[in-house]
Amino acid sequence: MSSVQTPGTRVELHDERDVVGSGPSIASIKFPEFHMFDTNWKLKLEAEWCQELNTHSISLKLRHRRRSTEDIWNLEAVIQIKVDEEWLKGETVIETQFSNRKREVKISNVGFTTDKWAESEITCHVNIVMQVLSMASPVFLRAFADAADNNKEYITLCNVTPKDFRRILNMIYSPHLPPKQWIKETDTKKQLEHIYHLLSIAKVLEISIAFEVADKWLVKHGQFDLGNSLLLAQTFGLRELMGSELSKIRSIRDVRKRRDSIDSLNFKTKAMILDHLLFSF
């Protein structure tokens, strides 16, 4: 509902880091914390003795350290891990999901080693490439494809703040949660403005799942009057909300009481109100 221009948000197609750790043994190698896709990450190598091969099988744990209480963070990603050391060579690709509940993923069989070195300290270089899976939006699919064709590593969303983009992501990714901004707001006027603002972004980006999440939440928790609810359902195609609000109209008198707000609705919605009244008698 606001026409104020906001800064853009950069969305990377992928992010890449070279992380270097060192220690006197595999188990004690320390890697520095690094930042990718709006959170901090830690690496840890583990060695498991393999009797048949008489070597150690090396696995790697990747864990995010996000502690945000403002939103439920989810990220679906393809992760490519490369280790290119003389004592350990390995490359693996996994497809996984991280969230506030699933903080860690273990990548088995990164490589094998005898765990015998003359040096007093072992160094390990790990190259990590993380690529966010295409989101539920044809706009993103086209933008990512165009960026890749032009050798760009990111796209820019104009007039979308990082906070708003994170709220959209939480609606896209399981468990598809509505923004806490909606839930916590006690002023219904401000709450309605927040909903219009975020759904307007989703409409431009063609993110259909955002409307499904909003539709179900509004039917269950919406506290708006009939006119505002019908206009909201009409504007964003919220079918469940439209049906729920129409069922509350019991008579012509109910329509007359709300004539001013109903007058602002389009002919299609007014026809639906009329059909509902005719078939209710």
Residues L265, I273; criterion side-chain contact (heavy atoms from CB on, under 4.5 Å); working and verdict: CA-CA 10 Å; L265 301 173; I273 295 172; 4.0 Å; yes
Donor-acceptor pair, S137 side chain versus V139 backbone, under 3.5 Å? yes
Less than 3.5 Å apart, any donor N or O on the side chain of Q80 or E91 sitting next to an acceptor on the other? yes
Compute the centroid of each ring, for W41 and then for F31, and state whether the two points are separated by less than 6.0 Å. no
Is it true that H125 and E85 share a donor-acceptor pair across their side chains at a distance under 3.5 Å? yes
Let me check something: do L169 and V204 share a hydrophobic cluster, defined by ILVMFWY side-chain heavy atoms less than 4.5 Å apart, either directly or through other members? no
Do you see a donor-acceptor pair shorter than 3.5 Å between the side chains of K248 and S229? no
Are any non-hydrogen side-chain atoms of F236 and L241 less than 4.5 angstrom apart? no
Would you say Q223 has more than 12 foreign heavy atoms packed within less than 6.0 Å of its CD? no
Strictly distance-based, threshold 3.5 Å: is any side-chain N or O of S200 a donor or acceptor partner for the main-chain N or O of Y196? yes
Would you please test L218 and L232 for side-chain contact (heavy atoms from CB on, under 4.5 Å) and show each step? CA-CA 10 Å; L218 285 164; L232 188 61; 3.5 Å; yes
Hey, does the side chain of Q234 reach the backbone of T269 with a donor-acceptor pair shorter than 3.5 angstrom? no
What are the two closest heavy atoms between K189 and D187, and how far apart are they? N-OD1, 2.9 Å
So do the side chains of K106 and E46 get within less than 4.5 Å of each other, counting heavy atoms only? yes
Check V213 against L177 and note the closest heavy-atom contact, atom names and distance. CG1-C, 4.0 Å
Sub-3.5 Å donor-acceptor pair from the side chain of K270 to the main-chain atoms of D263, do we have one? yes
Could you go step by step and tell me if T123 and V20 meet the side-chain contact (heavy atoms from CB on, under 4.5 Å) rule? CA-CA 7 Å; T123 301; V20 182; 3.8 Å; yes
Would you say V129 and I79 make side-chain contact, with heavy atoms under 4.5 Å? no
Please tell me if the side chains of M242 and L230 come closer than 4.5 Å, counting only heavy atoms from C-beta onward. yes
I262 and I252: same hydrophobic cluster, using ILVMFWY side-chain contacts below 4.5 Å? yes
Check: H276 side chain, L246 main-chain N or O, donor-acceptor pair, under 3.5 Å: yes
D215 side chain vs R239 backbone, donor-acceptor pair below 3.5 Å: yes
CG of L62 to CD1 of I128, rounded to nearest 0.5 Å, is 5.5 Å
Test log, rule side-chain contact (heavy atoms from CB on, under 4.5 Å), inputs T92 and K82: CA-CA 7 Å; T92 186; K82 290 183 180 179; over 6 Å; no
Taking NZ, NE, NH1 and NH2 as the nitrogens, is one of them in R63 or E33 under 4.0 Å from a carboxylate oxygen of the other? no
Does any non-hydrogen side-chain atom of L205 lie less than 4.5 Å from one of L157? yes
In Å, rounded to the nearest 0.5 Å, how long is the span from CE of M130 to CE of M36? 4.5 Å
Hey, does I81 have a side-chain heavy atom less than 4.5 Å from the side chain of N127? no
Scan side-chain atoms only and decide if S28 and S25 contain a donor-acceptor pair under the 3.5 Å cut-off. yes
Could you tell me if the ring centre of H194 sits under 6.0 Å from that of W182? no
Salt bridge or not for K190 and E193, using N-O below 4.0 Å? no
Could you check whether any side-chain N or O of N150 sits under 3.5 Å from a backbone N or O of K152, counting only pairs where one atom can act as donor and the other as acceptor? no
Minimum-distance pair of heavy atoms, taken over all atoms of A47 and H56: CB-CD2, 3.9 Å
Look up atom OG1 in T188 and atom CG in D225, then write down how far apart they are to the nearest 0.5 Å. 8.5 Å
Would you say T39 and F98 make side-chain contact, with heavy atoms under 4.5 Å? no
Indicate yes or no: at least one non-hydrogen side-chain atom of K203 is less than 4.5 angstrom from one of F211. yes
Which distance, rounded to the nearest 0.5 Å, do you find between the CG of D164 and the CD1 of I201? 4.0 Å
Under the 3.5 angstrom rule, does the side chain of S261 hit a backbone N or O of R258 as a donor-acceptor pair? yes
